[in-house]
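Quick notes on the structure that follows.
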Amino acid sequence: MSDVPASFRPTRRQTLGLFGLGAAGLVIPQAFGGVAFAQDAAPKGQIVLGFSQEPTVFNPHLLHIEVDEGVYFAIFDPLFGVDAEGKFYPLLAAEVPTVENGGISADGLTWKVKLRDDVKWHDGTPFTAEDVKFTLELLVNPDFRSWRRAGHELVQELTVVSPTEISWKMSAPYAPYASILASTFIVPKHAFDGQADLNATPFNNAPIGTGPFKWVKRVAGDYIEMEANTDYVGDGPYVEKLIIKYIPDMTVLYTQFKTGDIDVIGLQWITADHYDEAKALPDRVVIKAPNPTVESIGLNLGKPVFQDKAVRQALYAALDKTTLIDALYYGLPLPTESYMPQQSFYYNPDLPKHEFSTEKANAILDEAGWVKGGDGIREKDGVRLAFTNSTTAGNHLREQAQQFIQQTFAEIGAEMTIHNLPPAVMWGDYWMLSQYDSTIVGIAFLTGPDPDTADYFSSKSISAKGGAGQNTFQWENEDVDRLLAEGAKIFVPEERKVPYLELQELAREELPFLPMFQYTVLPGTKTGIEGLVPNVNVRVDSWNVGSWRWV
Amino acid sequence: MLRFLLGRLGQSLILLFIVSLIGFSVLLLAPGGPMSQFALTPGISKAELDKIAAQMGLDRPILVQYADWLWGLVRGDWGNSFRDGRPVLEIIGGHLFATLLLMGSSTVIAVGLGTWIGIKGAVKRYSMFDYAATVGAMIALSIPTFWFGLVSIYIFSLRLGWLPAGNMFTIGDQTVLDYLHHLIMPSMVLALVNVAIWSRYMRTATLEVINQDFVKTARAKGLSPRRVLMKHVVGNALIPMITLAGLQLPTLLGGALVTETVFTWPGMGRLFLDSLGYSDYPVIMGLLMFSAILVIIGNLAADLITAFVDPRIRLA
C-alpha cells in the first residue's frame with residue numbers, strides 16, 4: 001500500500017474490505033477528498049451542479065458528448081474507476097484485475113474479473129456477471145449506435161463463470177483495455193430484455209444504475225434531478241439530492257455561480273478572464289484544475305508545404321507561446337512540449353524546451369533552401385510557404401491567437417491565411433478527412449490514464465487514406481507504428497513507460513502538430529462543499545460525485 | 001364564409017408544403033450535420049460515424065429523406081429527437097408552458113403599456129410626453145435584448161440582490177410566488193421592445209382616426225372628450241392592431257431566442273437554438289412547422305376578427 005497518500009484514513013468497512021482482498025495498488029477515491037466520513041451518516045442537503053451544455057443521452061453506450069458523462073458518474077459505475085493519480089480502484093469489481101493478482105494472464109490474453117456480490121440495481125434487482133456480459137456485448141452489437149467499439153472488439157469467448165465472476169479472451173494483447181473498462185459503465189441487462197430496438201428503449205430516458213444517485217426526473221432544457229442511493233456500496237452519497245443544471249451561456253453560468261443559484265460550476269467552467277474576480281469572491285472556492293486537453297497547431301502533413309520537417313520546426317520556433325499564454329489566456333494554461341498530460345505517469349519531462357526565436361526560424365528555413373520571393377514569402381521547388389489556418393469560427397480566444405501567430409509567422413516569410421468555419425463544418429469532413437492545411441485544435445489524446453495514442457498517430461488511423469481513426473495530421477512514421485504496437489502489449493507500467501517516452505521524443509522532433517499548452521480549467525464551489533477533486537483522467541467533474549458533501 | 005375558410009385552408013396547406021420543403025433542404029444541405037459533434041470523441045473513426053449515420057438513414061438522398069419525413073408528418077408522426085430520442089411533439093409540448101408563461105406575461109405588459117402610451121402620445125401630440133415616448137421607443141428598439149438582459153441581471157441580481165439571475169423557478173420551491181419572482185425580470189426585458197413597437201403603432205393608428213369626420217361629429221354632438229376618445233377613437237384605432245396581434249401570435253409561442261438564453265428560461269427559443277447547435281433535424285423541422293402553422297392561424301384569426309369587428313370588411 002505504499003502508494004496510498006498519508007491523508008488516507010479508511011473507514012472500518014473499507015479497511016476490512018482491503019484486508020479481505022489483500023489488494024495492492026488500490027486507492028479508495030475519497031482518499032483524495034481528505035477526511036473519510038462514516039458511511040452510515042445519512043445524506044443531507046442538495047448540490048446543484050451547473051454545466052454549460054445539456055446532458056441528453058443517458059444510455060452511457062450510445063453516441064454521446066462529454067457533458068453526458070457528468071450524469072453517468074452519478075447513476076452508474078464501471079467495474080473499476082480511475083483516480084486523479086491515474087490509479088484504478090474497484091467499484092463493481094471486487095478487485096482490479098492485474099497481471100500480479102492473476103486477473104490478467106501474463107500474455108495479456110485472458111482476463112478474469114471477480115465481482116462484488118452485494119450490489120443491487122436502483123430497482124432492487126441484484127447485479128451479476130450477466131450484466132457485465134450484456135454491457136460488453138452491447139458495445140459491439142452491429143445494430144447498436146455504440147460510442148466506442150475500439151478495444152471491445154478484441155473481446156472473445158465472454159464467459160459468465162459464476163454470478164460474481166466473468167472471464168474473456170482477447171484476440172490480441174491490448175494493455176489500454178483496462179483504461180477503456182474504467183470508462184465503461186455497466187448497464188442492467190434486464191432493462192433491455194425484450195426490447196426490439198436497443199437504440200430506443202425506455203431506459204434511455206429513465207436510466208437504472210448502481211451508482212451513488214438514483215434518477216428522479218429530467219426537465220428537458222433545464223435540469224436533471226437525482227436522489228441519494230442509500231444502498232450504494234461505494235463511498236457516499238453524502239447529499240440527499242443532486243441536481244445537474246443546464247445553463248446555456250458561459251457568462252450566465254458564471255453569473256449564477258456568483259449569485260449562488262448553482263453550488264458547483266462544472267464543465268466549461270469559469271472563463272479565464274473571470275479568474276481574478278472569481279478568486280476574490282466571498283464564500284466561493286475556485287480550483288485551478290489541469291485538463292488533459294492539449295492545444296496545438298495541427299499541421300496536415302498531406303499538404304506539400306508541411307512535408308519538409310524544416311518548415312515545421314521553423315514554424316514552431318516562430319511561435320511566441322509565452323506571450324500567447326500570458327496575453328490571451330491570463331497565464332493559466334501550462335506550456336507544454338508533449339501531447340501527454342503533465343500529470344500522467346508516462347509524461348516525458350525531458351523534451352527539448354521550446355524557444356521563441358524568429359532568427360532561429362529564419363536560419364532553419366535559409367538552410368533548408370526556402371528562399372524569399374518578390375512578395376516576401378518563401379518558396380522552395382515551386383511550393384510557396386503559404387497555408388490557411390482554420391478553427392471554430394466564433395471562438396474568440398483562438399481567433400485572436402491566430403492573428404497574433406500570423407504576425408510572427410510573417411516575420412519568417414510564411415504566409416498564414418485565416419480561414420475559420422462554423423463548428424459543424426470545421427469538425428466534419430474538413431477535419432476528419434484532412435482537408436485543412438493547418439488548424440488550432442484542442443485534443444485530449446489519451447483514453448483515461450492510458451498512454452496509447454494509436455488512434456491519433458498510427459499510420460492505420462488516417463481516415464483520409466481509408467484508415468479508421470483520427471490521425472488527421474496524416475503522420476506516417478514506421479518508428480511511431482512500432483512504438484505504439486510495442487506499448488500496447490506491455491502490461492507493467494514501469495516497463496510500458498519506455499516506448500511512450502520515446503514516442504514523445506519523436507513527436508517533439510517530427511512536429512506533426514506544434515504543441516502550445518495544456519489547458520487549465522477553473523471549476524468552483526461554494527465554501528463548505530468538499531470532495532471535488534480535479535481528475536485529469538476523466539472528461540467531466542462529477543467522477544467522484546458520490547463523495548461530494550456539505551461540511 | 002365557408003368558401004373563404006376552405007380557400008384559406010387550401011392556401012395554407014400549399015404554403016406549409018413549400019415552407020417544409022425549403023426548410024428541410026436548407027437544413028440538410030448545410031455542411032456538418034448531426035455526426036460532426038462526435039468527431040473528437042476518443043476512439044471513434046470516421047467509418048464508424050458514417051455507419052451510424054447510415055443506420056439513422058442520413059445517407060439517403062435528401063428528397064427521399066424529405067418524403068419519409070413528410071409521410072410521417074401526414075400520419076401524425078413528427079419523428080424523434082436525435083439527442084434524447086423522445087417524440088418531437090412531446091419535446092415541443094414540454095417547452096411550451098415556459099414560453100407561454102414568459103411571452104404571455106410580457107405581451108400583457110407590452111400591450112397594456114404600449115396601447116396607453118400610444119393613445120396618450122397621439123392625443124397630446126408634440127407634448128413632452130409624446131417626445132419622451134418617441135425617444136424612449138427609439139432607445140428601446142436600439143438596445144440589443146441580451147445586453148439589456150445582462151445589465152438588468154447585473155443591477156437587480158448581483159448588485160441589489162432583489163431578483164433571481166434567471167431560471168423559471170427555484171428547484172424544490174415551485175410555488176406561484178416563486179414563479180412570479182422569477183418572471184419579473186425576463187418579462188420586463190422582453191416587454192421593453194414590444195412596448196416600443198406597440199406604442200408606435202398605436203400612436204399612428206390613433207392619429208389616423210382622431211381627425212376623421214365621425215370623430216368630429218361625435219364631438220359636435222356634445223359628447224364628453226373622454227367618451228369620444230374611448231368609444232369612437234380607441235375602438236377604431238384598435239382594429240389595425242388586431243392584425244399586429246395576429247402577427248405576434250407565432251412569437252408568443254415560438255419563444256424568444258436571446259432572452260430565454262440569458263435568463264436560462266427553458267422555453268421554445270432555447271430549444272430551437274440548442275437543436276440547431278446539435279443539428280437535431282426532426283426537432284428543428286418540428287419547430288419550423290409549428291411556427292408556420294401558428295403564422296397561418298394568427299393571420300387567419302386576425303382576418304376573421306377584423307371582419308367581425310369592422311362591418312366595412314367582408315370576407316370572400
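Here is how names work: the chains are called A, B, and so on, in the same order as the sequence lines, proteins then strands, and each is numbered from 1. Just the heavy atoms: all of them, side chains too, but no hydrogens, waters or symmetry mates, feed the values below.
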Quiz item: Where the side chain of Ser105(B) meets the backbone of Leu102(B), is there a donor-acceptor pair that is under 3.5 Å apart?
Solution: yes
Quiz prompt | Side chains of His152(A) and Tyr177(A) in contact at under 4.5 Å (non-hydrogen atoms) | solution = yes
Quiz item: Between Trp147(A), Tyr223(A), Trp431(A), which shows the greatest number of heavy-atom pairs under 4.5 Å with chain B?
Solution: Tyr223(A)
Quiz item: Is chain B contacted by the side chain of Leu421(A), its backbone, both, or neither, given a heavy-atom distance below 4.5 Å?
Solution: neither
Quiz item: Side chain, backbone, both or neither: which part of Arg145(A) has an atom under 4.5 Å from a heavy atom of chain B?
Solution: both
Quiz item: Among Met56(B), Met168(B), Gln37(B), Met35(B), which has the most heavy-atom pairs under 4.5 Å with chain A?
Solution: Met56(B)
Exercise. Measure distances from Ala468(A) to the heavy atoms of chain B and classify the residue's part below 4.5 Å as side chain, backbone, both or neither.
Key: both
Quiz item: Where does Arg270(B) contact chain A at under 4.5 Å (heavy atoms): side chain, backbone, both or neither?
Solution: side chain
Self-check item: Top contributor to chain A interface from Ile171(B), Thr41(B), Thr170(B) [non-hydrogen pairs under 4.5 Å]
Solution: Ile171(B)
Exercise. Work out which heavy atom in His95(B) is nearest to a heavy atom in Gly221(A); give both atom names and the distance.
Key: NE2-CA, 4.0 Å
Exercise. Below 4.5 Å from any heavy atom of chain B, which atoms of Glu54(A) appear? Answer side chain, backbone, both or neither.
Key: both
Quiz prompt | Phe146(B), part contacting chain A, at a heavy-atom distance under 4.5 Å | solution = neither
Exercise. Measure across Phe38(B) and Ile65(A) and return the closest heavy-atom pair with its distance rounded to 0.1 Å.
Key: CE2-CG2, 3.9 Å
Quiz item: What are the two closest heavy atoms between Tyr179(B) and Phe97(B), and how far apart are they?
Solution: CE2-CE2, 4.2 Å
Quiz item: Relative to chain A, which segment of Tyr278(B) carries a heavy atom at a distance below 4.5 Å: side chain, backbone, both, or neither?
Solution: side chain
Self-check item: Proximity breakdown for Trp427(A) and chain B, heavy-atom pairs closer than 4.5 Å
Solution: both
Practice problem: Evaluate side-chain contact (heavy atoms from CB on, under 4.5 Å) for His274(A) paired with Met250(A), printing each intermediate quantity in order. | Solution: CA-CA 11 Å; His274(A) 284 131; Met250(A) 299 287 288; over 6 Å; no
Exercise. Answer with side chain, backbone, both or neither: which region of Glu48(B) has an atom nearer than 4.5 Å to a non-hydrogen atom of chain A?
Key: side chain
Quiz item: Which pair of non-hydrogen atoms, one from Ile109(B) and one from Ser187(B), has the smallest distance, and what is that distance?
Solution: CD1-OG, 4.1 Å
Quiz item: If you measure only the distance, is there a donor-acceptor pair under 3.5 Å linking the side chains of Gln256(A) and Thr264(B)?
Solution: yes
Self-check item: Among Asn205(A), Leu446(A), Leu433(A), residue most engaged with chain B (heavy-atom pairs, under 4.5 Å)
Solution: Asn205(A)
Quiz item: Given that the side chain runs from C-beta out, which part of Ser146(A) has a heavy atom under 4.5 Å from chain B: side chain, backbone, both or neither?
Solution: backbone
Exercise. Check Glu260(B) against Thr99(B) and note the closest heavy-atom contact, atom names and distance.
Key: OE2-OG1, 3.0 Å
Self-check item: Residue among Met426(A), Met432(A), Lys258(A), Lys241(A) with most heavy-atom pairs under 4.5 Å to chain B
Solution: Met432(A)
Quiz item: Under a 4.5 Å heavy-atom cut-off, does chain B meet the side chain of Leu63(A), its backbone, both or neither?
Solution: both
Self-check item: Where Glu153(A) and Val140(A) come nearest, the two heavy atoms and their spacing
Solution: N-CG1, 3.8 Å
Self-check item: Residue among Arg148(A), Gln470(A), Gln53(A) with most heavy-atom pairs under 4.5 Å to chain B
Solution: Gln470(A)
Quiz item: Based on non-hydrogen pairs under 4.5 Å, which of Asn167(B), Ile153(B), Val262(B) is most in contact with chain A?
Solution: Asn167(B)
Exercise. Heavy atoms only, distances under 4.5 angstrom: which of Asp429(A), Ile443(A), Thr447(A), Asn204(A) has the most pairs with chain B? Name it, please.
Key: Asp429(A)
Exercise. Could you look at Val252(A) and say if it's the side chain, the backbone, both or neither that has a heavy atom under 4.5 Å from chain B?
Key: side chain
Quiz item: Under the 3.5 angstrom rule, does the side chain of Arg284(A) hit a backbone N or O of Phe257(A) as a donor-acceptor pair?
Solution: yes
Quiz prompt | Leading residue by heavy atom contact count with chain B [cutoff under 4.5 Å; candidates Ser463(A), Gly428(A), Ala150(A)] | solution = Ser463(A)
Quiz item: Between Ser275(B) (side chain) and Ile284(B) (backbone), is there a donor-acceptor pair under 3.5 Å?
Solution: no
Quiz item: Leu273(B) versus chain A, heavy atoms under 4.5 Å apart: side chain, backbone, both or neither?
Solution: neither
Practice problem: Please state whether the side chain, the backbone, both or neither of Ala47(B) comes within less than 4.5 Å of a heavy atom of chain A. | Solution: neither
Quiz item: Are the side chain of Arg539(A) and the backbone N or O of Val67(A) linked by a donor-acceptor pair below 3.5 Å?
Solution: no
Self-check item: Phe445(A)-Phe513(A) aromatic ring centre distance below 6.0 Å
Solution: yes
